[in-house]
Amino acid sequence: MFRPARIFEKKSRLFSIVVIGVVSILALPVILPHLLHGFHIAHILLHVGGLTLAVFIAIIATFAYAKLRTKRLLFSAIAFNVFIIAEVVLLIDITWPSVFYLVNMSLQEVGHLLTFMALGLLALGVFRND
């Protein structure tokens, strides 16, 4: 009998589901239109890979926090979720350059600020003394 909770028991199965999910969601709007654009597709695939890893680690960190309820894991889970947002912003900026701006900041600057914030939260979680 199929139980949804069993999907998350093995990390390899979860990783496979995350890879298939992220690539299938991004295939039509992001990957396929740029498939023949030379090195541009390599840059896009680099960020798709970063997004995939961020989603996978965020899921694992969120489940770990739900199980143990420590502040260190909370900061780590928040950091990886912020990294997902940063990767999405950077992927939008790379896929459709010069289309989206937030007031006086480009999406590339916003993505870098979010990445820096994720690193700060991760450092806070790692160096925190509980």
Which atom of [X] lies closest to which atom of [Y], heavy atoms considered:
| X | Y | result |
| --- | --- | --- |
| Ala61 | Ala77 | CB-CA, 3.8 Å |
| Leu91 | Ile44 | CD1-O, 3.9 Å |
| Ala86 | Gly111 | CB-O, 3.7 Å |
| Glu109 | Met105 | OE1-CA, 3.4 Å |
| Ala58 | Thr62 | O-OG1, 2.7 Å |
| Ala27 | Pro33 | O-CD, 4.2 Å |

Are more than 12 heavy atoms from other residues, nucleotides or ligands located less than 6.0 Å from atom CG of Leu35?
->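 Atom CG in Leu35 is crowded, with more than 12 foreign heavy atoms closer than 6.0 Å.
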Does CG in Leu68 sit with more than 12 non-hydrogen atoms of other residues, nucleotides or ligands closer than 6.0 Å?
->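 Above 12, so yes.
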May I ask you to decide if Ile92's main-chain N or O and Thr95's side chain share a donor-acceptor pair within less than 3.5 Å?
->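 Not a single qualifying donor-acceptor pair exists.
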Okay, side chain of Asp93, backbone of Val89: is any donor-acceptor separation there less than 3.5 Å?
->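 No, because the side chain of Asp93 does not come within donor-acceptor range (under 3.5 Å) of the backbone of Val89.
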Would [X] and [Y] show up in the same hydrophobic cluster when neighbours are defined by side-chain heavy atoms closer than 4.5 Å?
| X | Y | result |
| --- | --- | --- |
| Ile57 | Val48 | yes |
| Leu107 | Leu113 | yes |
| Val19 | Phe63 | yes |
| Val82 | Phe80 | yes |
| Phe83 | Val88 | no |

What class does the angle between the rings of His37 and His34 fall in, given that below 30° is parallel, 30 to 60° is tilted and above 60° is perpendicular?
->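 Perpendicular, since the angle between the ring planes exceeds 60°.
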Rounded distance [0.5 Å steps], CZ in Arg128 versus CG in Leu73 |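 The distance works out to 12.0 Å.
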How far apart are the C-alpha atoms of Ile60 and Leu14, what are their side-chain angles, what is the distance that settles it, and do they pass the side chain to side chain contact (heavy atoms under 4.5 Å, CB included) test?
-> CA-CA 9 Å; Ile60 290 175; Leu14 176 64; 4.1 Å; yes
Side chain to side chain contact (heavy atoms under 4.5 Å, CB included) between Thr52 and Glu87, worked out = CA-CA 9 Å; Thr52 303; Glu87 280 294 329; over 6 Å; no
Residue pair Leu51, Ile84: steps toward the side chain to side chain contact (heavy atoms under 4.5 Å, CB included) verdict = CA-CA 6 Å; Leu51 179 63; Ile84 290 172; 3.9 Å; yes
Passing candidate, side-chain contact (heavy atoms from CB on, under 4.5 Å) with Phe75, options Leu122, Thr70, Leu124, Val126 |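 By the side-chain contact (heavy atoms from CB on, under 4.5 Å) criterion, Phe75 pairs with just one of Leu122, Thr70, Leu124, Val126: Leu124.
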For side chain to side chain contact (heavy atoms under 4.5 Å, CB included), just list the numbers for Phe56 and Ile17, CA-CA rounded to whole Å, side-chain angles, deciding distance to a tenth of an Å, and then say yes or no.
-> CA-CA 9 Å; Phe56 174 67; Ile17 291 170; over 6 Å; no
